[in-house]
Amino acid sequence: MAVDPGLPGAARTQLAVAGARATTAAALNRKGSGPRVQEGLFLALLLLAVGFALAGLAALLVWSFVEGLPRLDANLFTQGPSSLHPETAGFRTAILGSVYVIGGVIALIVPLGVGAAIYLEEYADKTRWWNRFIELNVQNLAGVPSIVYGILGLAFIVRGPLDIGFVAAAGSMTLALLVLPTVILAAREAIRAVPPSIREGALALGATQWQTVRRQVLPAAIPGILTGIILGVARAIGEAAPLLLVGAVTFVTVNPSLFEGRFTTLPVQIFNYAGRPQEVFHELAAAGVIVMLVVLLAMNSFAIWLRNHYEKKLS
Amino acid sequence: MRKLLVLAASTALALGAAACGGDDDDSGSASTSGGGSELSGNILIDGSSTVAPLSEPAAELFMEENPGVTIAVGTSGTGGGFEKFCNGETQISDASRQIEADEEAACKKAGITYEELSVANDALTVVVNPDNPVDCITVDQLKQIWEPKSKVSNWSQIDGLENAPDADLDLYGPGTDSGTFDYFTEAVNGEEGASRTDYNNVGEDDNSTVTGVSGSEGGMGYFGYSFYLENQDSLKALEIDGGDGCVAPSPETVQDGSYVPLGRQLFIYPSGQALERPEVKSFVEFYIDNATTIAEQAGFIGLTEEQVTEAKDKVAQLAG
């Protein structure tokens with residue numbers, strides 16, 4: 001086994017450690033031709049990347065406001081869709097549909113996502129093949145295109161085993177499946193980031209594992225978990241394709257309910273109006289983009305407030 | 001932080017107000033002054049996104065007169081609509097082409113009967129850049145451009161085309177799920193779905209074709225007449241020579257049948273089972289009665305009197 005029997009084990013380890021340290025130190029101390037120039041270049045690249053992302057957002061906002069400004073009025077919130085009177089049509093049924101669907105998504109992803117993350121981080125035995133299999137699958141599912149979830153929803157939720165029909169709850173369940181991997185991954189990271197000393201302290205004082213998780217680990221991880229939920233909800237609220245498959249319609253004048261009757265959501269309605277030939281519908285679509293931004297901003301600001309609230313409480 | 005909270009609170013208020021203001025009370029609405037209408041129930045329409053701009057105003061007008069009836073319109077596409085229709089999940093299917101054999105079989109298997117009713121005419125319009133000197137194109141020349149594996153890349157390569165400019169072809173067309181694509185490929189290339197594939201595929205967004213063709217000297221694209229009608233100043237519609245000389249797309253040429261082969265009809269397919277319900281029967285009759293007005297308002301071409309009579313006869317027979 002031993003490569004060099006003449007050298008005792010401890011000495012060999014010392015040698016290896018010293019070598020590694022020397023190599024690292026050499027790499028760190030190596031003076032480039034111009035570290036300042038490189039630093040400046042890297043900073044410029046980073047700013048460029050941020051600039052690109054912000055420019056896209058700014059372009060969208062400017063376009064929506066310029067195009068949709070003449071239509072920004074109370075009708076947008078109080079009126080339903082109309083092909084006869086597009087100049088006074090609104091997004092009432094779509095806003096409510098989005099709120100119902102997203103409310104359902106939140107109700108599903110919070111317990112399921114956080115529960116799965118707690119299990120995988122705190123309870124699962126990582127040497128077992130099934131736990132590793134679950135982990136691998138969660139990571140892979142995060143990359144599946146949304147339309148695939150739409151087909152899954154149509155086959156298993158709308159029809160098939162669950163058979164609940166083309167209702168808002170089917171949309172919630174489909175979108176919940178879509179964003180669940182994101183939420184689980186983020187919640188796991190947040191739980192993992194809680195220092196082990198906190199767990200060990202609680203356990204040493206005689207707390208059970210569940211008491212430790214509930215009283216110490218979860219409160220400390222909440223800000224990170226909320227970030228994951230915000231990201232998940234932001235993705236779900238903008239989805240149109242999977243919802244079209246599970247029954248979102250483009251014209252519905254009555255307010256939705258979770259388990260009865262057809263529904264529509266903001267992205268579906270905007271998509272429909274944007275595809276019409278007449279200019280008046282394009283204005284309506286642009287105004288819809290603004291409405292959607294307002295709804296998203298309202299939901300996110302509440303979540304961010306919640307996160308800050310917990311962050312303050314802990315520090 | 002405070003600003004965000006204020007924003008969140010005001011939005012929540014606005015949403016709440018919207019929810020309260022919009023609460024439609026379904027119960028007891030049949031007795032309101034809707035011309036003595038006692039009809040009530042839910043009607044679900046799904047299918048072609050081309051026909052939805054007709055079904056939506058029809059539904060809206062009907063609901064104004066019959067507040068007890070709620071109608072929802074979806075846009076799953078002609079094929080997607082028939083899939084749900086033959087599964088018994090919708091009452092009426094919108095279609096921008098006729099039902100196909102496999103769809104017919106699915107309906108038959110599920111025991112769903114139906115009737116095909118025309119609700120409007122449309123002219124598939126071939127558009128080019130306004131600076132393009134070409135005015136008229138034959139079906140054969142269209143085929144040279146659009147047939148599968150076509151190698152034509154410049155307007156000057158098209159056989160027998162008069163005034164052809166020396167400009168690179170820049171083609172725009174709908175996605176393969178579209179009924180418009182099915183109809184155009186069948187009419188021009190002789191086989192449904194057969195098309196060259198190296199064109200700019202705009203999916204369902206025909207407005208991209210408008211932007212693309214109006215911004216490119218050698219641009220060419222095709223879509224429904226309403227998209228041309230709204231963009232006449234930035235696009236030029238080609239006259240089509242289907243064998244009997246050049247014919248421009250217009251309501252007259254489509255109605256008299258001279259705009260061949262790109263004049264088409266748009267359909268609704270109500271199911272026989274649904275027509276037994278009085279509100280569905282009443283809605284379908286209403287739709288056909290007002291089809292011409294609705295079609296013209298939405299930028300389509302109205303039915304001819306002959307077509308209206310035929311559709312009315314069919315409804316009368318169905319309703320027994």
Side-chain angles (χ1 to χ4, degrees), chain A residues 74 76-86 89-93 95-96 98-99 154 158-159 165-166 244-245 247-256 260-264 268 271-272 274-282 285 291 294-305 308, chain B residues 1 3-5 7-12 14-15 17-24 26 42 44-46 49 52-61 63-64 70-77 80 84 87 89-90 203-207 210 223-231 294 297-299:
Chain A
L76 278 184
F77 294 93
T78 57
Q79 297 297 309
S82 171
S83 286
L84 288 177
H85 311 288
F91 290 90
R92 188 192 80 235
T93 52
I95 293 169
L96 288 172
S98 272
V99 168
L154 179 65
V158 173
R159 299 172 184 162
F166 295 96
L244 284 173
L245 272 174
V249 294
T250 45
F251 176 82
V252 56
T253 50
V254 293
N255 292 337
E260 210 183 345
R262 285 300 183 98
F263 67 101
T264 186
V268 172
F271 171 69
N272 179 34
R276 296 289 184 89
Q278 290 87 359
E279 180 62 27
V280 58
F281 287 109
H282 299 171
V291 171
V294 169
V295 172
L296 185 64
L297 214 59
M299 284 183 165
N300 276 1
S301 42
F302 176 70
I304 290 169
W305 171 79
N308 291 351
Chain B
M1 195 68 246
K3 269 185 190 164
L4 273 181
L5 271 179
L7 183 65
S10 52
T11 316
L15 285 177
C20 297
D23 256 343
D24 288 314
D26 276 343
N42 293 312
L44 195 51
I45 307 172
D46 206 338
S49 58
L54 297 167
S55 291
E56 286 181 18
E60 237 175 298
L61 288 168
M63 285 190 284
E64 273 172 21
T70 40
I71 304 173
V73 183
T75 47
S76 306
K84 287 175 181 157
N87 212 8
E89 290 162 338
T90 60
E204 297 286 319
D205 183 15
D206 291 327
N207 287 314
V210 175
F223 44 42
Y225 188 62
S226 56
F227 284 88
Y228 167 65
L229 213 55
E230 289 294 323
N231 298 287
I294 292 168
Q297 206 188 355

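Here the structure is a predicted model, which means the values were calculated and not measured. Protein chains get the first letters and strands the later ones, always in sequence-line order, with residue 1 at the start of each.
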- Note on the structure: Output for pair (B:Thr70 OG1, A:Arg262 CZ), nearest 0.5 Å, gives 12.0 Å
- Query: Highest number of heavy-atom pairs under 4.5 Å with chain A: which of B:Ala52, B:Ser55, B:Ser76, B:Pro53?
  - Reply: B:Pro53
- Separation between CD1 of B:Ile45 and OG1 of A:Thr250, rounded to the nearest 0.5 Å: 10.0 Å
- Under 4.5 Å heavy-atom distance to chain B, tell me which part of A:Arg276 shows up: side chain, backbone, both or neither. both
- Message: Need one label for A:Asn272: side chain, backbone, both or neither, based on atoms under 4.5 Å from any heavy atom in chain B.
- Response: side chain
- Message: Under 4.5 Å from any heavy atom of chain A, what part of B:Ile71 do you find: side chain, backbone, both or neither?
- Response: backbone
- Message: Shorter than 4.5 Å, heavy atoms on both sides: which option in A:Met299, A:His282, A:Gln79 has the most such pairs with chain B?
- Response: A:His282
- Task: Name the region of B:Asn207, side chain, backbone, both or neither, that has any atom closer than 4.5 Å to a heavy atom of chain A.
- Result: side chain
- Check whether A:Phe281 gets within reach of chain B through its side chain, its backbone, both or neither, counting any heavy atom under 4.5 Å. neither
- Message: Please check if the number of heavy atoms outside A:Glu279 that lie under 6.0 Å from its CD is greater than 12.
- Response: yes
- Task: Give the intermediate values and the outcome of side chain to side chain donor-acceptor pair (under 3.5 Å) for residues A:Ser83 and B:Glu60.
- Result: CA-CA 8 Å; A:Ser83 286; B:Glu60 237 175 298; 4.6 Å; no
- Message: Counting heavy-atom pairs under 4.5 Å with chain B, which one of A:Ser82, A:Gly261, A:Ala274, A:Gly90 comes out on top?
- Response: A:Ser82
- Message: For the CZ atom of A:Phe166 and the CG atom of B:Leu44, what is their distance to the nearest 0.5 Å?
- Response: 8.5 Å
- Query: So which part of A:Ala74 gets closer than 4.5 Å to some heavy atom of chain B, the side chain, the backbone, both or neither?
  - Reply: neither
- Task: Look up atom NZ in B:Lys84 and atom CG in A:Leu154, then write down how far apart they are to the nearest 0.5 Å.
- Result: 7.0 Å
- Message: Please classify the contact between B:Ser226 and chain A as side chain, backbone, both or neither, with a heavy-atom cut-off of under 4.5 Å.
- Response: both
- So with a 6.0 Å cut-off around CZ of B:Phe227, is the heavy-atom count from everything else above 12? yes
